[in-house]
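Only this structure's heavy atoms are used, side chains among them; waters, hydrogens and symmetry mates stay out. Numbering of ligands and ligand atoms starts at 1, following listing order. By convention here, the first residue in the shown sequence is residue 1.
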Amino acid sequence: MSAPDFQSEIFRRRTFGIISHPDAGKTTLTEKLLLFGGAIQEAGAVKSNKIKKSTTSDFMEIEKQRGISVATSVMGFEYQGCKVNILDTPGHKDFAEDTYRTLTAVDSVIVVIDVAKGVEAQTERLVEVCTMRSIPIIVFINKLDRFGKDAIDLLDEVEQRLKLKVTPLSWPIGMGPHFKGVYSIYKKDLKLFRPSSTTVSEEWASIQNLEDPELDRQVGADFADALREDLEMVSAVYPEFKREDYLTQKVCPVFFGSAVNNFGVKELLETFIEIAPMPLPAKTDLRVVEPTENKFTGFVFKIHANIDPKHRDRIAFVKIVSGTFHRNQNYLHVRQERMMKFSSVTAFMASKKSTVDEAYPGDIVGLHDTGNFRIGDTLTEGEKMNIMGIPSFSPENFRYIENADPLKQKQLAKGIDQLMDEGVAQLFVHQMTNRKIIGTVGPLQFEVIQHRLEHEYGAKCKWEPINIYKACWVELSDPKELEDFRRKKLRSFALDKHQRPVFLADSAYAIQMAQEDFPNAKFHFISDF
Ligand code: G4P
């Protein structure tokens, strides 16, 4: 392929994630976007990937979720000349770390907020990760067909709780049973609301001038006047939209609509492909890699084990950062310092999987893996560099893991090793007792681990309680001081999978005390410091 073609392949790619608190409408919005993209033919084709029963352990649900989430992990489609890749993020909060890692592979996000519930806890945490990574954000306020919060109050809430500056690109007219439609501030069009879940037809009235009596005819004089007043206030309070500000995360454009009624989704998609960033550069421990570089670079952000226990192979999801990836070409697996080539390469087009021969920056390919990959691994054409910023987050739930079947010690060790490579949880080795501690984001993971160890590795484990409040990585540049720390805090000292020192604090006070004892120590709650 000639150089200009390669460039235009990059420019036309839009790789993004949709994030929300469960039930805000992420699955519904994804489905409608896929309908517009022609990637699916009917509503209901995308299964919600949430585990509905969160308190009871329901292994069928977990297994189902794993089955579904391979198919819907990445959904690619073509729209108006752009190649759109939607990366799915698990809805269940116990799988939040999976979501955080997926966010390392997206170039932008759409945040869905329920108009009645406003900003919810999980939205806050996910947006925090996006902000940390400077990922451009678009906000979609959903369910305008229901009564909810006032648009201005909601924008205030978004600004305050998510610490984002916003600027509305559309504005709702009424809500709930009185929802009339939205006025596109961006395109200066009025779109009237006609509830419908399946049609993709649109009804628009061009209202270039708000004084146009057509507006009154379309929505009624009261609503027309309220809209005029609102828009006057909007133009006084919110900054004028500039793409540059959105790309640099200075401002987040906001849209209103109703995903289930397929309302406001098309303009969201069309504006999205117009303004959203092409694949972003990536930081490595050597230098920044630009997507337009000719040589291939990619990294593993997700590993998915085969749900069939008889086939213990896995799919490693690789985000292409630069260059063109070719099937059957030799690439350097940087961590393992060896060349590897891949004959089984999967591309993801909506819920279908197909084999591809080449892929471009922004694309995600699935590589068949027999246990060579770990989350965060980098592939290059020979340069020895590692993509940075695939973080582990300080877990919040901890238990000792013990072998419950002495004959299966090896299977247990292998199972733990591979599940940790997949990023299901984190392993710490307590330095005083040499016992293994598993740390997870949510309690459900312990059950997933136990279940998978038994069914996939034929090993049995049991859990024992341990009182840990937080595990944080300790940074001390002076090796003598670190040794001193290890000695004095031995009861709370562990090593992570990469042999990095970790402080297992049993309370917030313990961290405070450790900080006072070792003023030069830095305590990190995210591994990529
Ligand atoms: P999630 O992936 O963010 O968890 O949310 P999901 O799309 O599954 O939507 C959660 C619920 O909200 C669904 O209802 C869905 O139909 C509904 N919903 C989504 N968008 C809108 C909207 O614009 N207006 C209204 N009124 N409802 C909306 P459910 O009853 O939980 O599921 P279902 O039986 O309808 O599938």
Side-chain angles (χ1 to χ4, degrees), residues 16-36 39-40 42-54 61 64-65 68-69 71-75 86-96 98-99 102-103 109-127 130 137-149 151 154 162 170 172-182 191-200 202 254-269 350-351 442 444:
F16 75 107
I18 303 178
I19 54 176
S20 73
H21 192 89
D23 277 342
K26 179 173 71 77
T27 312
T28 314
L29 179 65
T30 306
E31 185 171 282
K32 302 303 173 194
L33 292 173
L34 294 178
L35 273 175
F36 280 113
I40 53 169
E42 59 189 87
V46 179
K47 303 276 181 302
S48 170
N49 74 349
K50 49 192 167 179
I51 299 171
K52 298 226 156 134
K53 295 176 191 167
S54 55
E61 278 297 336
K64 247 194 280 167
Q65 136 106 19
I68 293 163
S69 65
T72 61
S73 280
V74 183
M75 291 159 280
I86 307 180
L87 271 55
D88 192 30
T89 53
H92 196 285
K93 73 172 173 20
D94 284 10
F95 293 87
D98 251 13
T99 301
T102 299
L103 293 179
V109 296
I110 295 179
V111 179
V112 184
I113 292 175
D114 182 324
V115 69
K117 294 187 178 147
V119 174
E120 295 173 85
Q122 215 163 310
T123 331
E124 241 171 322
R125 289 187 71 174
L126 292 169
V127 167
C130 295
I137 298 172
I138 290 178
V139 176
F140 180 74
I141 303 206
N142 191 28
K143 308 196 186 181
L144 263 290
D145 60 316
R146 287 198 183 156
F147 270 124
K149 300 187 182 187
L154 216 76
L162 300 182
S170 72
I173 306 165
M175 66 166 65
H178 308 295
F179 183 43
K180 299 285 174 195
V182 291
K191 191 182 171 200
L192 299 171
F193 178 61
R194 304 271 183 269
S196 156
S197 62
T198 50
T199 60
V200 288
E202 303 281 300
V254 180
F255 292 84
F256 293 84
S258 168
V260 82
N261 288 296
N262 213 347
F263 186 81
V265 177
K266 191 172 179 217
E267 51 274 33
L268 173 71
L269 175 60
S351 52
L444 198 56

Asks: Report the member of N142, D145, D88 with the shortest heavy-atom distance to atom 25 (C) of ligand 1.
Replies: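 Minimum heavy-atom distance to atom 25 (C) of ligand 1 goes to D145.
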
Asks: For atom 23 (O) of ligand 1, state which one of A116, S258, S20 supplies the nearest heavy atom.
Replies: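 Ranked by closest heavy atom to atom 23 (O) of ligand 1, first place is S258.
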
Asks: With atoms numbered from 1 as shown, which atoms in ligand 1 lie under 4.0 angstrom from a non-hydrogen atom of K26?
Replies: 1 (P), 2 (O), 3 (O), 5 (O), 7 (O)

Asks: Going by the order shown, which atoms of ligand 1 are within less than 4.0 Å of some heavy atom of P22?
Replies: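 In order of number, 4 (O).
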
Asks: If the condition is salt bridge (Lys or Arg N to Asp or Glu O under 4.0 Å), which residues does R125 pass it with, not counting sequence neighbours?
Replies: E396

Asks: Whether the side chain of N142 engages the backbone of V112 through a donor-acceptor N/O pair (distance < 3.5 Å, no angle test) should be reported.
Replies: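 No; zero donor-acceptor contacts below 3.5 Å.
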
Asks: Relative to each other, are the rings of F179 and F263 parallel, tilted or perpendicular (30° and 60° limits)?
Replies: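 Perpendicular: the ring planes of F179 and F263 meet at over 60°.
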
Asks: Is K143 touching ligand 1 with its side chain, its backbone, both, or neither, if touching means heavy atoms under 4.0 Å apart?
Replies: both

Asks: For H21 and Q122, indicate whether the former's side chain and the latter's backbone hold a donor-acceptor pair under 3.5 Å.
Replies: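 Present.
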
Asks: Is any N or O atom of A259, backbone or side chain, closer than 3.5 Å to an N or O atom of ligand 1?
Replies: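 Yes, there is a polar N/O contact under 3.5 Å.
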
Asks: Has T30 got a side-chain atom pairing as donor or acceptor with K26's backbone, closer than 3.5 angstrom?
Replies: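 Judged by distance alone, yes, a pair lies under 3.5 Å.
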
Asks: Please check this pair: side chain of T28 against backbone of V260, looking for a donor-acceptor N/O pair closer than 3.5 Å.
Replies: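 Such a contact is absent between T28 side chain and V260 backbone.
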
Asks: Determine, using heavy atoms of N261 and all atoms of ligand 1, whether some pair is separated by less than 4.0 Å.
Replies: no

Asks: Not counting sequence neighbours, which residues clear side-chain hydrogen bond (donor to acceptor under 3.5 Å, both in side chains) with K149? List them please.
Replies: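 Residues passing side-chain hydrogen bond (donor to acceptor under 3.5 Å, both in side chains) with K149: E157.
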
Asks: Return a yes/no value for G25: is any of its N or O atoms, backbone included, closer than 3.5 angstrom to an N or O of ligand 1?
Replies: yes

Asks: List every atom of ligand 1 that sits less than 4.0 Å from any heavy atom of D23, numbering the atoms from 1 in the order shown and giving each element.
Replies: 1 (P), 3 (O), 4 (O), 5 (O), 10 (C), 12 (O)

